[in-house]
Structures are given as C-alpha cells and as structure tokens.
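Working notes for the structure below.
All of these numbers come straight from a predicted model, not from anything done at the bench. Chain letters run A, B, ... following the sequence lines, proteins first, then strands; residues in each count from 1.
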Number of protein chains: 2
Amino acid sequence: MRKKVTLKQLAKELNLSISTVSKSLKNDREISQKTIARVKELAEFYKYKPNALAVSLKSSRTNTIGVILPEILNHFFAKVLNGIEQEASKHGYKILTCISNECYQKEVDYVEMLSNNSVDGLIMSLSQETQITNQLDHIKELKRDNIPVVLFDRINETIDCDKVIIDDKKASSKAMQHLVDSGCKNIAIVTTISNLSVGELRCTGAKKIAEMYDDVSYHMLMINEVADVESIIEEFLTSNAVDAVLGLDETAAAVSVNIAAKMGLKIPEQLSVIGFTDGLLAKYSYPKLSIVSQHAETLGAIATQRLFKRLAMNPSAKNKAVTEIVETTLLLRASTLPVRTTKQL
Amino acid sequence: MRKKVTLKQLAKELNLSISTVSKSLKNDREISQKTIARVKELAEFYKYKPNALAVSLKSSRTNTIGVILPEILNHFFAKVLNGIEQEASKHGYKILTCISNECYQKEVDYVEMLSNNSVDGLIMSLSQETQITNQLDHIKELKRDNIPVVLFDRINETIDCDKVIIDDKKASSKAMQHLVDSGCKNIAIVTTISNLSVGELRCTGAKKIAEMYDDVSYHMLMINEVADVESIIEEFLTSNAVDAVLGLDETAAAVSVNIAAKMGLKIPEQLSVIGFTDGLLAKYSYPKLSIVSQHAETLGAIATQRLFKRLAMNPSAKNKAVTEIVETTLLLRASTLPVRTTKQL
DNA sequence: CTGTTAGCGCTTTCAC
DNA sequence: GTGAAAGCGCTAACAG
C-alpha cells in the first residue's frame, strides 16, 4: 500500500529541493521550463495532490463553509441546502453540513466544533429550541472568534450579523388578500409553528388583512408540539364552517388538504386552500395546491453569496451587517377560487 | 479584533513552554496540579480551542467523513443523509456533504476535492450519469489513495469496497406478490429509473412474480428522462385497463396516484397502488398509500457504522469488502385491497 | 515536573 | 534558477 505522495518525496526522487518542486507546480517564473516539465510529469504520474490540511493551516483559509440546519427532512431546508451547495461549489468551496435537529445543545456543540478553524464562515438557521429559549450566546461569540455568520429564515434581531430572510409578513398578507378577494368570508389560519419567529410574522400578516374587512372573520388554530395534528384539524374543520384554510407551514397545509379530502369537502368549491410550502405539496397533491413559494434555493444561494462578500471584505473595514429580503411568490392553482371582488379603480 | 488564541500565546502569557501548556490541557500526569490549574484557567478565560487543522495535520485524522449524494431534493437521499449525520455526530465526526446532481463530472471533481486529506473516508451513492456511462475509475483510484469508501443504494458490483444496499429485487417481489394475492390481474409496473441499478433490480423482482401466474398479466411502462411523466402515465392509464399500479420509484408512484385521482378512479376499489417511496407520499397523500419502505435513515446509519469499522481496522489487515443488505418493509394502507387468495396450507 | 526539539506538508522570503 | 530556512499550530519523544 503506497502512501500518499508529498512534495518531499517528489523532491527527493527528482533530486530537487522541496521549494523548487512547490514553485514548479505553481508555474513560478523563477523556475526553468525544463525543471517545471520534469516536476509536473512526476507529479502527474503519482497523481500528486497538495494536502488540503497543510495548505489550510498555512493560509488560514479552509475553503469550507459550515452549514447548520435545524432539520433536513423538511423540504424547505433541503432546498436551501441545495442552493447553498450549488453556489458554494461554483466557487470551489466545500460545505460542512450539520443538523441540529431543533435542539439547542446540538446547535451549540456544532458551533463549537466548527469554530476551530474548520470553516471560513457559517450559514445557519436557528433551531426551534434556540428560538424559544432565546439563548444566543453561542452565536454572538462567533464574532469574537472572528468567524462571519449569515443567518437565514429563523433569525434573531438582536444578533449583529448578515441575515437573509423571507418577507413572511407580506407573504401571508398576500395570501390572505387573495382568499378575501376570491370571496372567502370565514377563514381558518392554521399553524404548527407559532413559536418560531417566522411563524409569528406569518400570523401577523394574515390577521392584519383579515381584520381590515368587516365581513370577513377568521379563526386561529395554533397547534403545538407533535400533538395529533390530524385529529385536531379534523375536529376543527368539523365544528367550524370555514370556507378557506391558510396553512402557515407545510404540515398545517398538508394535513388540512388531506383531512378536507377525507371529509369529502370539494376543493376549491367548498374550501379554498393556500399553503406555505416549498414544492412538496405542489408536486404530490391533487388538486394542485395554491402555495406561497419561498424560493428556498434562491435563499440558499443568496445567503452563500452574502457570506462570500463578507469573506472578501477587508476585516478592518467591517461594514455594517446587511439583511437581505427574498420575495415570495403566490402561486395560484386549482385549490383556490379566482378573484371575484371588483377592485376599486 | 482579537486574534484566535493559540498554545503559543497561552505559553507566553504564563511563562511556560508550549509543550507544558499542551500537556496541561490534556491532564498529563507529568504536570503539577498547580500548573494544570493555572493553564486551564487562562485557557478557559480565552476560550481556547485547539486548531483542528493543526491537529489533523499532525495526526492525519480529520474526524470528517465525506458524503457524495446524487441529489438532496429526493427525499430518500435526504433521509439517508440524516441517518449518516446522526450516526456520525454520535461519534464526534463531521460530514462534508457534496451533491453531484446526477452528474459524472461533478462527482469526479468532488472525489478529487475530498481525497486531499480532507476526509477520513467516503460514503457515496453513484450519480445517474456515472451508472449509465459506467465510468468508475475515480472511485477505484480511492483505493490507491488509501481512503475507504462505502457505497450505498446506487452501487456497482465491480468496485471492490464495502456496500450497503436494499434488497430491491425481493422488495418489489413482495409488493407484486401482495397485489396478486389481493386479486389484481392486470398490473402496470411504472418506472422512471429503469437505467439505474436499483431500477433494474426492482423491475426484475416484480416481473418474476407476475410471470408465475397464468391469470396475471403485466404492462411495463418505462419513462425516461424528464419527459412529461404526467401525460404519459395519464395516456397509459386511459388506454390500458389495469387494476393495479406498482410504482418503482417515487415519481412513478406519486404521479400515478394523482392521475388516478384526476381520472376519478377509486383507490383501491378500482385501482390498487403500491409505491417505492420513503415516507413523503405516505405523509401527504390521501388515501394513504401502501408503500415499500426503504428505511433510508437506517441505511445511512449502517453505512456510517460500516465506514467506522473500516476506519478502525488495522490497514494491514485489510479484510475483504462487506456488503450489507437492509431489509425493506411493505407497509400496507388504504391504497391496496386486503389479501383475497387463500394460500394453500 | 518542565523545556527543547523535531516534524506533520506546505508556502514564501531571502540567500546563493 | 535553485535551495535553505522559518513558520502555520500542534504533538510527542527525549532531555534536563
């Protein structure tokens, strides 16, 4: 079993010094063409690859970015990860992926683990527990270690760093507005994420619109934890005669649709449905659901670009933190009625 | 902006040598308790963390494993990744995640990228293009670099390395058997992955069973590329009076169900459906689909354990490659009829 | 008990 | 043109 080739070995075999070999491989003009050729040939022969560890240690750049996600089975985060990966790889960067599993302690551990010079920067979305308990020291300490962070989606205002978010409030307003415009009068707002920053914002946005209309009423259905979401929603829909459901997260939307189907409700004739989701439902549901598309992959790409910009910045010129907002799209399909109200001119 | 603390700086500040500091932090019994206490206090104060790069360079262990996946938006791979991550983190390992996007060249690039001492080992599933074109040198060369690989799901028999697979043939046989036993006579086998190793195996398994029965006929519907899967399946179901669909992959299964719903076919009365999928459909469909569960997370965990075992092995005692087989489960739900045939005693 | 030294593999400055 | 030497941060064998 042959060991991995190093500059040293190439040098010995060629009767050259290590530095000459190193320079040759970089086409340093100090070195004669003949030598360069010799070196390259042998390097090629042995398939020499510079030891990434040594290069990083020397240069203090790892070309790696750390990504800490609350979950990966949630399609939204999977898409964000995909966006990050694409963008990172385009720039020759690798990504270290960690999944906090919505758990504060795991998140802390991962931040610790990665802040040992393992990565050049971090992209992360806070775990549910972190947001609920509001423990943020582990993030704030990254500043002291001089490692830049970009927070996305599940952010916290008090942390001074770059952020990329969705305008959740506006998005849910738009969705609610559509329901109202298409004639819905009695709307259920269903959420299983009321304890997350984004959950609150979506709530606020939806309510704001509903409250603008005297003839529109809404019901909030907040479901916590891993309660039996299905039966809660079923019970709710049975005892409340709503004509629309706005699902503020994937679970809420998905379950609502299935329960409606089970109850024999016709969509959209009897029940209009709009869901915050990211393509999963859209792809696998019938009738096709109207959705608030969060452009998760774009979000991932933007977060990555942000981080690259930050990394490229002269650290002394530490500009103020930037918050970028990704616009959502309301994608109307078969699960909602067309707009009925005549807008005033 | 304070720079990251190193042993050197601690040593200077404490008027000790670097090695004494290093040993103190390791509770080396050679060092006096008093010194250990002093060192630890200062280290704590500065939140000293050993530079992972330097440690790795020294020890030639990165505590990182590379994971190369064909896709991440496919729920199956997301689940596998989750399984890998959980298992790895349990052992204090980080994972470098790469997504080949079904593209041979990206896969090659990633293998190159990671085999520069960036990882201790690799877990991967071959990209579609790699399987089709059968170019495998990049994987085989890993052996020369002495970096262990565990291949899962999309494997290749000619590569000498550990493998973790699902018994796809048996799984599809089981599924087909159930359809037959529940009285289906005219069964569509729908696949969009006939060009993958797993696709072929599933095909073979299903056909084998169908062909055992004189009164059962089957139709193969192989859909290639990103053709308009929906219309092809719709057309097929319209012109062929089948009473069951066996979807050999997620797309095939999902689209079949939706089209059936669209066509007004009652499931399972008029059409039984079983799909190879990994919980996605199950979670979001109504009626609940019968599925072949591939236990993706288990698969990921097992692959990781395999890799750890390999890493722990004395390299000179390079045992033969091991192939582990993960059993599937046929999860029967509302989309299939109960078994009708009376089995002979 | 503590310190010196060498070395992991590489880059880079400075001599020759 | 080429090479020697220092150093990135750490560990470990060996001296003292």
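- With 3.5 Å as the limit, one finds a donor-acceptor pair spanning the side chains of A:N27 and A:K40.
- Using a 4.0 Å cutoff to heavy atoms of chain B, the contacted part of DNA chain C runs 5' to 3' from C:dC1 to C:dG9.
- Within the 3.5 Å criterion, the main-chain N or O of A:L126 finds no donor-acceptor partner in the side chain of A:T130.
- As judged by a 4.0 angstrom heavy-atom cut-off over every strand, A:K23 is placed among the base-contacting residues.
- A distance of 4.5 Å separates CG in B:L311 from CG in B:L307, rounded to the nearest 0.5 Å.
- Pairs passing the salt bridge (Lys or Arg N to Asp or Glu O under 4.0 Å) check and including a residue from residues 149-162 of chain B, sequence neighbours excluded, read B:E102-B:R154, B:K143-B:D160, B:D162-B:R306, B:D162-B:R310.
- Listed by first then second residue, pairs satisfying ring-ring contact (aromatic ring centres under 6.0 Å, His included) with a partner in residues 124-156 of chain A read A:Y104-A:H138, not counting sequence neighbours.
- Remark: the A:Q135 side chain and the A:T133 side chain contain an N/O donor-acceptor pair separated by less than 3.5 Å.
- Each salt bridge (Lys or Arg N to Asp or Glu O under 4.0 Å) pair with one or both residues in residues 85-96 of chain A, not counting sequence neighbours, appears once here: A:E85-B:K106, A:E87-A:K90.
- Contacts between residues 49-63 of chain A and DNA chain D, defined by a heavy-atom separation under 4.0 Å, are made by A:L57, A:K58.
- Residue B:L299 holds its CG atom at 10.0 Å from CD1 of B:I123, rounded to the nearest 0.5 Å.
- Residue pairs meeting the salt bridge (Lys or Arg N to Asp or Glu O under 4.0 Å) criterion with at least one member in residues 17-28 of chain B, sequence neighbours excluded, are B:K23-B:E30.
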Full working for side chain to side chain donor-acceptor pair (under 3.5 Å) between B:S19 and B:S22: CA-CA 5 Å; B:S19 58; B:S22 173; over 6 Å; no
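- Checking B:L16, B:L42, B:I36 one by one against B:V21, the side chain to side chain contact (heavy atoms under 4.5 Å, CB included) holds for a single residue, B:L16.
- Scanning for ring-ring contact (aromatic ring centres under 6.0 Å, His included) contacts around A:Y48 gives an empty result, with sequence neighbours left out.
- For DNA chain C, none of the residues of residues 33-43 of chain A falls under the heavy-atom distance limit of 4.0 Å.
- Against DNA chain D, the stretch residues 13-22 of chain B makes heavy-atom approaches under 4.0 Å through B:I18, B:S19, B:S22.
- One axis for each end of the helix from C:dC1-D:dG16 to C:dC16-D:dG1, each built from five base pairs, and the angle between them comes to 60° at 10° resolution.
- Donor-acceptor pairing under 3.5 Å is lacking for the side chains of A:N116 and A:S118.
- The ring-ring contact (aromatic ring centres under 6.0 Å, His included) contacts involving residues 6-36 of chain A comprise nothing, where partners must be two or more places apart or lie in separate chains.
- When the nearest nucleotides of DNA chain C are assigned to A:E30 and A:K8 by heavy-atom distance, the more 5′-ward of the two goes with A:K8.
- No side-chain heavy atom of A:M124 sits under 4.5 Å from any side-chain heavy atom of A:L69.
- Between chain B and DNA chain D, the heavy-atom contact criterion of under 4.0 Å yields a 5' to 3' nucleotide range of D:dC8 to D:dC14.
- Atom CZ of A:R29 is separated from atom CD1 of A:I31 by 12.5 Å, given to the nearest 0.5 angstrom.
- With B:T304 as the partner, the side chain to side chain contact (heavy atoms under 4.5 Å, CB included) test is satisfied by one option alone out of B:I84, B:V164, B:V67, B:V150: B:I84.
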